[in-house]
Amino acid sequence: MERRDQLEEFVRNQLSHYEELPSDGLWRRIEGLIPMPKQGAKPRWFWGLLTAILVLGGIVVWHLYSVHQWKDKVEKQEVALEELRDELDALQLEIASQQKSSGKILVPSQQAGAKSQDLEMTSKDPVVRLSTSQQKPSSSTVFQQKTNENDKIVEVQPPSSLNTNLQNSSAEGEIEIGKPQNSWLALEPIHEKKSFIEIEDEPVDFKPLTLSPLRARRWAVGAWMEGTNFHDNPLKALWRKARRAEDSSGDTPSFYANNPSSTKTVGFFIDFDLNRRWSIRTGLGFKDQRRPLGGDFVFEYTLEDSQMNALGHSVSPYNYYDESHNISIRTIIANELSNEPNGLEPGELFEMDFEAYQQTSYVSFPLWISYRMGQGRLKYHMRTGLVWNDLIGNSSKIRYLSFSFSQLYYQGHAINDGAIQVGYLDVGLGYGLEYALSPKLGFYFDGVMYKSVTPIFDRQPFSMGMGTGLRYQF
Amino acid sequence: MNGENTQSLIKKCKAGDRRAQEELYRQYSPMLMGVCLRYASNKEEAEDFLQEGFVKIYANLYQYKPIGSFSGWLRKVVVNVALQKLRRKKTQFVNIEIDHLAESVESTEDIFSQFGAKMLIRLIQQLPDGYRTVFNMYVIEGYSHKEIAAKLEISEATSKSQLSRAKAALRKMLEQVV
C-alpha cells in the first residue's frame, strides 16, 4: 500500500512539469492548419440583446406607422368637417339673405320631417325652422319655406357643394363621415317662441376628434415584487435534461448541472408616461439572492478507496449540484471521518442530508421602458431595460447539517473561485398583462427574464421568473 | 512571462497575428508536448496530439476567459484532444495479462529516484492505451474514478481495475530496468 502511494507520488513529481521540445517541423505543419480568426465573434448575451432590440425596434416602427396612419385619417376627417362647417356657414348666410328678402327668421327644426302647422306668424316674429330629415328622401337637398299667409312652400335650392357634404348627415346635429344617405333640409315655420333659436349664436355641435390619450403625460407610482431562479443556461432550467456542458476547452465535466438559485425582489417604482403606450420606469428594489451549496448525498466507504486516498479516506458522493462541490464535500467528509471516534468500516454506507446556501443582498436600481397594448381594462405590455444591483450583504448559511460553520466557510470559499462582485448589471425583458382595477389603479403580472451583462461571481447567469405589482396613476 | 504579456499575446493571437501565434507555440509547446507524450504510445503520436491540440487552441482562443490560468486551460484542451483521439482509436479498456505481473514486488523510493523523467515517459508509453490513459488521468491530472468513468464512458470498477494494473505493470517494468 505504501509502495503504491510512493509510486504515484514519484510519477507525479517527475512528470507533472515534464517538458520536451517537439520536432522542428511541427510548427510549419500547425501553421498551415490554423483557422482564420472568427471575425466579430460575439458572446451569446450580445445576440440576446440584439434580438431584444430588434423586436422592440419592430414594435416601435409598427407603433409609429399606426399612429401616422391614424393621424392621417383624423386629419382627413377634420378637413372634411371643416369644409362642412364652411358650407353650413354659407348656407346660414344664404338663409339670412332669404330672411331679409322674406322678413322671416330661419332656425333648425327639432324634428326631422316636421310638418308645418297652421301657424299664426306675425311680422314681428316670423320663424322658419331649418331641419334635416331622413323621412323625406329626395334626390337633392331642398329648402322649404312655408308661411301662414299663403300656406305655400317655397323651395330653395342650396349651394351645389352642400349636396355632397350633407348627403352624409344622418340626423340633426350629428354628422357621420363616409355614410351616404338621402337627406334634405326643410325650412319650416313654427309658432312656439320658446323653441326659437338664434341661428347666429347656435354653435355647430361637432365634438372635435383629438389624440388626447396619446398626448397625455402622467406620472404613476407603484410597488412590485419579483421571484426568479437563475441558471447558467435557461434551457437547462426549463428541461432539466442537460447534466453536462462543454466548456471552451472541450471538457465535459461530469458534475456540471443546474445550479438553481432563487432571487426575490421587492421595491417601489415611478413611471413617467410618455404617452398612452410608452412609459419609462425607475425606482428602488431590495434583492435577496440565495445560491444552494449542497444537496443530499450518499457515499460508500470502501477499503480500496481508503488505501488510495492520501488522507486515508475517500468518498464517492452523489447528487450534488456541480463539480465544485465534489471537492468541497469530499474534503468535509474526510474531515468528518477523521474526527469520527468509532470511524466507519470499509464497505459501510454513509448517508447525509445537506442543505446550505449562500445569501447575498442587493439594492437594485431599475431603468425600464414599457410599451402597453390593448384597450379597456385588460392590457398587455412589454418592457425592457437595465437593472444595476449593488451588493449590500454577503453571508453563508447552513441547515440540517452537523458540520461547523468554519467548514462551510471553507466549502463556500472553494465554490467561489471568483469572488462575489460588488455589483452587477442585468439586462431584462418582461411581457405580461395589466388589469385596471379602477381608472387609476392597475395590477400587473408578467414573466421576466434577465441576463447579467457583468459577472455576479465568476459567471453571468440567466434569470427567469415572474413579477407582479400595483400601479397608481395620477 | 507575466500575466499582462500573456494577455497581450492572447489578444494578438485572437486577431490572427501569425507572429504572436508562433510565439505562443514556442512558449507552451514544450510543456504541452510533455503532456502529449504521457498519453501517446510514441513521439509521433504525441506530436499528432500536439498538432491537433494547437489547432483547437487557436480556433477556440476567443472563448478563453482570463478566470483561471492560461497554461491550465491549454493543458486541458490538449488532454481533451488526446482523450478524443484515443476514443476514436477505440481504445479497449480491458485487463491485459502481463507476463509475470507481480503485485508485491519489493521496491523503494530509492529505486524510483534512479530514473529520470524521460525514461519514465518511455516506460509509460509502453503501457497499453487503456492502462496509460487511466493512470495519467488519475495520478497526474488528479481526476477521481467517477470522473474518469464519465469521461471515458467506462465503469468506475473498470477505471479502478485499469489503474491498479497499470501501476503493477509500471512497477514491474521499473524493476526490470533497474
Side-chain angles (χ1 to χ4, degrees), chain A residues 2-4 6-23 25-27 29-39 41-43 243-244 246-255 302 304-305 308-309 314-318 323 326-327 330 417-418 455 458-460, chain B residues 14-16 18 21-22 25-26 29-31 33-34 37-38 43 46-47 50-51 54-56 58-65 67-68 73 76-77 80-81 84 105-109 112-113 115-118 120-121 124 135 138-140 144-147 149-151 156 160 167 170-171 174:
Chain A
E2 181 66 19
R3 277 197 319 277
R4 291 185 182 184
Q6 283 181 3
L7 175 67
E8 285 180 19
E9 195 175 337
F10 168 69
V11 172
R12 198 178 297 122
N13 289 340
Q14 288 286 323
L15 301 185
S16 288
H17 300 99
Y18 177 72
E19 293 186 358
E20 188 173 320
L21 281 171
S23 305
L26 186 60
W27 168 244
R29 278 157 54 195
I30 293 171
E31 196 178 16
L33 296 169
I34 297 173
M36 292 296 289
K38 291 190 177 180
Q39 292 294 332
K42 304 287 184 192
R243 285 279 168 184
R244 295 180 178 184
E246 193 168 70
D247 65 17
S248 60
S249 67
D251 193 8
T252 310
S254 314
F255 311 115
T302 66
E304 194 174 8
D305 283 337
M308 290 180 178
N309 193 288
S314 180
V315 294
S316 304
Y318 301 95
E323 70 270 34
N326 187 27
I327 302 163
R330 185 184 291 263
D417 292 335
D458 58 346
R459 293 182 184 176
Q460 298 168 225
Chain B
K14 281 181 184 175
R18 195 43 59 90
Q21 287 170 342
E22 187 172 357
Y25 171 82
R26 300 283 170 221
S29 62
M31 181 265 285
M33 183 66 182
L37 281 167
R38 284 192 282 109
K43 191 172 180 181
E47 289 192 341
L50 188 65
Q51 176 182 314
F54 264 105
V55 171
K56 191 162 184 182
Y58 293 126
N60 293 295
L61 201 54
Y62 71 96
Q63 290 184 37
Y64 167 72
K65 292 175 185 173
I67 294 170
W73 183 78
K76 212 170 178 182
V77 173
N80 283 315
V81 166
Q84 204 173 28
V105 177
E106 293 295 327
S107 56
T108 65
E109 203 170 352
F112 294 152
S113 63
F115 286 86
K118 198 161 188 171
L120 194 56
I121 287 273
I124 288 173
F135 181 83
Y138 187 87
V139 175
I140 300 174
S144 68
H145 284 296
K146 190 172 177 65
E147 290 165 326
K151 275 183 171 292
E156 281 186 64
K160 288 173 185 173
K167 287 199 290 191
L170 185 62
R171 193 163 46 251
L174 281 167

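Naming convention: chains lettered A, B, ... in sequence-line order (proteins, then strands); numbering from 1 in each chain.
Ranking B:M33, B:E22, B:R38, B:M31 against chain A, the residue ahead of the rest is B:E22, based on heavy-atom pairs under 4.5 Å.
Judged by distance alone, with hydrogens and angles left aside, the side-chain atoms of B:Q51 form no donor-acceptor pair with the main-chain N or O of A:R29 at under 3.5 Å.
Residue contact with chain A, scored on non-hydrogen atoms closer than 4.5 Å, involves the side chain of B:I124 exclusively. Both the backbone and the side chain of B:K118 come within less than 4.5 Å of a heavy atom of chain A.
B:N60 is not listed as a side-chain neighbour of B:V77, based on a closest heavy-atom distance of 4.5 Å or more.
With sequence neighbours excluded, no residue forms a side-chain hydrogen bond (donor to acceptor under 3.5 Å, both in side chains) with B:Q84. With sequence neighbours excluded, the residues that form a side chain to side chain contact (heavy atoms under 4.5 Å, CB included) with A:L21 are B:P30.
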